[in-house]
> 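Take a look at the following structure, please.
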Number of protein chains: 2
Amino acid sequence: MSLSTRGGTLGAMTVAARPYHHGNLAATLLEHAERALEERGAGELSLRELAREIGVSHAAPRRHFADKQALLAALAESGFERLEATLAGAVSEAAGRPFEERLTALARAYVGFAVERPALLELMYATKHDPAASDRLREAATRTFAIPLGVITDAQETGDVVPGDPEAVGIAAWATIHGIASMSGSGMLAPAELDALVAVAIERAVLGLRPR
Amino acid sequence: MSLSTRGGTLGAMTVAARPYHHGNLAATLLEHAERALEERGAGELSLRELAREIGVSHAAPRRHFADKQALLAALAESGFERLEATLAGAVSEAAGRPFEERLTALARAYVGFAVERPALLELMYATKHDPAASDRLREAATRTFAIPLGVITDAQETGDVVPGDPEAVGIAAWATIHGIASMSGSGMLAPAELDALVAVAIERAVLGLRPR
DNA sequence: ACCTGAACACCGTTCAAGT
DNA sequence: ACCTGAACACCGTTCAAGT
């Protein structure tokens, strides 16, 4: 059984014919957990309540997730996988277009994810930062951040971005995009001004990244 | 009894002669809660455990805070008051110096606060964003954000920053600073590179804010 | 292999009662 | 005015037992 599979099918899952006494409890648990996470926050998430909703005994989740933290870690991992796919999709759609447009596409995709699933994104960062984080989770996070790093590397090859360690070069631009995403997630930004703000931020970032 | 007073004295409090059976339980509770918050996170904070640490019955906190959420809200409010004082201090120390230096001082103070008390800062934003947030808390947040807004307004008067609604004008720069603070708080940034990153970010922000 | 039900040690909140 | 102790309804986790 692979978490990747669970994560990948999480969104498209159909809940046909309630699996009674057996079935794909792990995936169903993750689905319900994610909804509870966005609706009530990680602190209020109750394993017993999830089990009740699904119609299974409170001890059943134990078969699939060792404890509450393990369930949250699986949720975070599935979040990274979906974020990676989202970012990769945005970048590949903008392939061949000017650097500024590719960066804008990437930023919009990231901010869009943050606006739609703020609690999940927060959980993803918190869980990844946790010293007890699994290798699986760390690797999923690394794969995700490889997408923006790849955009920088490509732009260095075409001369749109100053040479140097891509991570060091891009960190200020990433901080801006992350800041916009974080502020959006906690409702500090009006959705109407979001697109314009991303545009301004990217314009400045591109200026800052350009060789002189 | 005023929350402002509690918050204001929180840092300087001396824990002389354990207040037994009575005393300033409210302030002591806030102190212990803040340490628990930074050490274990908001989710793991237990009122009963705090009461045990302080040596008081588990029902005693009820006298001072209606429930756990009220204690967290008081903590967030005290956080905003200290952040406001920190930012105001940084700005007033840099008074009279060039705009870029004042902005750098502000950014360093904000990022410094985020690095020292990441969980508190997160709680402050979460609590402020909560629909059930009190007027007191909202006003404390407004007073805090008035500091950076004042820096923008002053710089508009001296012609260092383009005219317009200070909030709209400064939001991209603030997103960058907030992004750096947020990433620092979750351990994504090496402390060694923090100062240089702030410098680069401010340099770009100043360029973006300057009238053309 | 997967799930149940009872049990344990915790928790937040309430409330009558104490000082 | 401030605190206690018992009570209630929850929670996460464990484990023998069921199918």
Side-chain angles (χ1 to χ4, degrees), chain A residues 1-3 5-6 15 17-37 39-76 123 126-127 130 132, chain B residues 1-3 5-6 15 17-37 39-76 123 126-127 130 132:
Chain A
M1 174 176 51
S2 125
L3 279 177
T5 307
R6 275 195 232 135
V15 196
R18 174 72 63 84
Y20 196 70
H21 264 226
H22 66 83
N24 54 347
L25 180 55
T28 310
L29 231 17
L30 283 173
E31 268 182 73
H32 281 75
E34 181 160 351
R35 200 170 39 199
L37 175 71
E39 282 174 6
R40 287 191 288 280
E44 323 306 317
L45 194 146
S46 154
L47 284 186
R48 285 177 106 113
E49 192 178 344
L50 292 181
R52 240 180 277 127
E53 279 175 18
I54 296 172
V56 91
S57 99
H58 67 262
R62 193 62 190 348
R63 279 292 126 189
H64 304 92
F65 303 102
D67 54 23
K68 189 176 175 177
Q69 189 47 48
L71 195 165
L72 290 176
L75 209 48
L123 175 73
T127 313
D130 191 318
Chain B
M1 173 175 52
S2 124
L3 280 177
T5 306
R6 275 195 230 137
V15 196
R18 172 74 61 86
Y20 195 68
H21 265 224
H22 67 83
N24 55 347
L25 180 54
T28 310
L29 231 15
L30 283 173
E31 269 182 72
H32 280 76
E34 181 161 350
R35 198 170 42 200
L37 175 71
E39 282 173 6
R40 288 192 287 280
E44 322 307 317
L45 193 146
S46 153
L47 284 186
R48 285 177 106 111
E49 193 179 343
L50 292 182
R52 237 179 280 127
E53 279 176 18
I54 297 173
V56 92
S57 99
H58 67 263
R62 195 50 187 2
R63 279 291 126 189
H64 304 92
F65 303 102
D67 55 23
K68 188 176 174 176
Q69 189 48 48
L71 195 165
L72 291 176
L75 209 49
L123 175 73
T127 312
D130 191 318

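Keep in mind that the numbers below use all heavy atoms, side chains included, and drop hydrogens, waters and symmetry copies. Letters A, B, ... mirror the listed sequences (proteins, then strands); counts begin at 1.
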> Answer yes or no: is there an ion pair linking A:Arg40 with A:Glu49, defined by an N-O contact shorter than 4.0 Å?
yes
> Does a side-chain heavy-atom distance below 4.5 Å link A:Phe65 with A:Leu72?
no
> Looking at A:His64, does any N or O in its side chain come under 4.0 Å of the phosphate oxygens OP1/OP2 on C:dA1?
no
> Which atom pairs link the protein and nucleotides 9-11 of chain D when you take only N or O atoms and keep those under 3.5 Å?
residue, atom, partner, partner atom, Å
D:dC11, OP1, A:Ser46, OG, 3.3
D:dC11, OP1, A:Arg52, NH2, 3.4
D:dC11, OP2, A:Arg52, NH2, 2.5

> Indicate yes or no: at least one non-hydrogen side-chain atom of B:Arg62 is less than 4.5 angstrom from one of B:Asp67.
no
> So B:Leu25 and B:Arg63, do their side chains get closer than 4.5 Å, heavy atoms only?
no
> Rounding to an integer number of Å, can you tell me how far B:Phe65 CZ sits from C:dG12 P?
14 Å
> Tell me the interatomic distance from A:Asn24, atom CG, to C:dA1, atom P, rounded to whole angstroms.
19 Å
> Using modelled atom types only, decide if a donor and an acceptor are shared between the side chain of A:Asn24 and the backbone of A:Ala27 within a distance under 3.5 Å.
no
> Please give me the minimum heavy-atom distance between A:Gly43 and A:Lys68, naming the atom from each residue.
O-NZ, 4.2 Å
> Shortest non-hydrogen contact from A:Ala74 to A:Leu30?
CB-CD2, 4.0 Å
> For A:Leu29 and D:dG12, what is the distance between atoms CG and C1' respectively, to the nearest whole Å?
14 Å
> Does DNA chain D take part in any stems of at least 3 consecutive Watson-Crick or G-U pairs (both distances under 3.5 Å), and if so, which ones?
C:4-8 with D:12-16, C:12-16 with D:4-8
> Applying side chain to side chain contact (heavy atoms under 4.5 Å, CB included) to B:Leu47 and B:His58, what does each step give before you reach the verdict?
CA-CA 7 Å; B:Leu47 284 186; B:His58 67 263; over 6 Å; no
> Distance check needed: C:dC3 P versus A:Ile54 CD1, whole Å only.
10 Å
> Between A:Glu34 and A:Leu75, is there a side-chain heavy-atom distance shorter than 4.5 Å?
yes
> Indicate the atoms forming the closest heavy-atom contact of A:Pro61 with A:Ser57, along with that distance.
CD-O, 3.5 Å
> Check whether any side-chain heavy atom of B:Leu45 sits under 4.5 Å from a side-chain heavy atom of B:Leu50, and report yes or no.
yes
> Using a cutoff of under 3.5 Å, can you pull out all pairs of nitrogen or oxygen atoms linking the protein to nucleotides 14-18 of chain C, with atom names and distances?
residue, atom, partner, partner atom, Å
C:dT14, OP2, B:Arg62, NE, 3.4
C:dT14, OP2, B:Arg62, NH2, 2.6

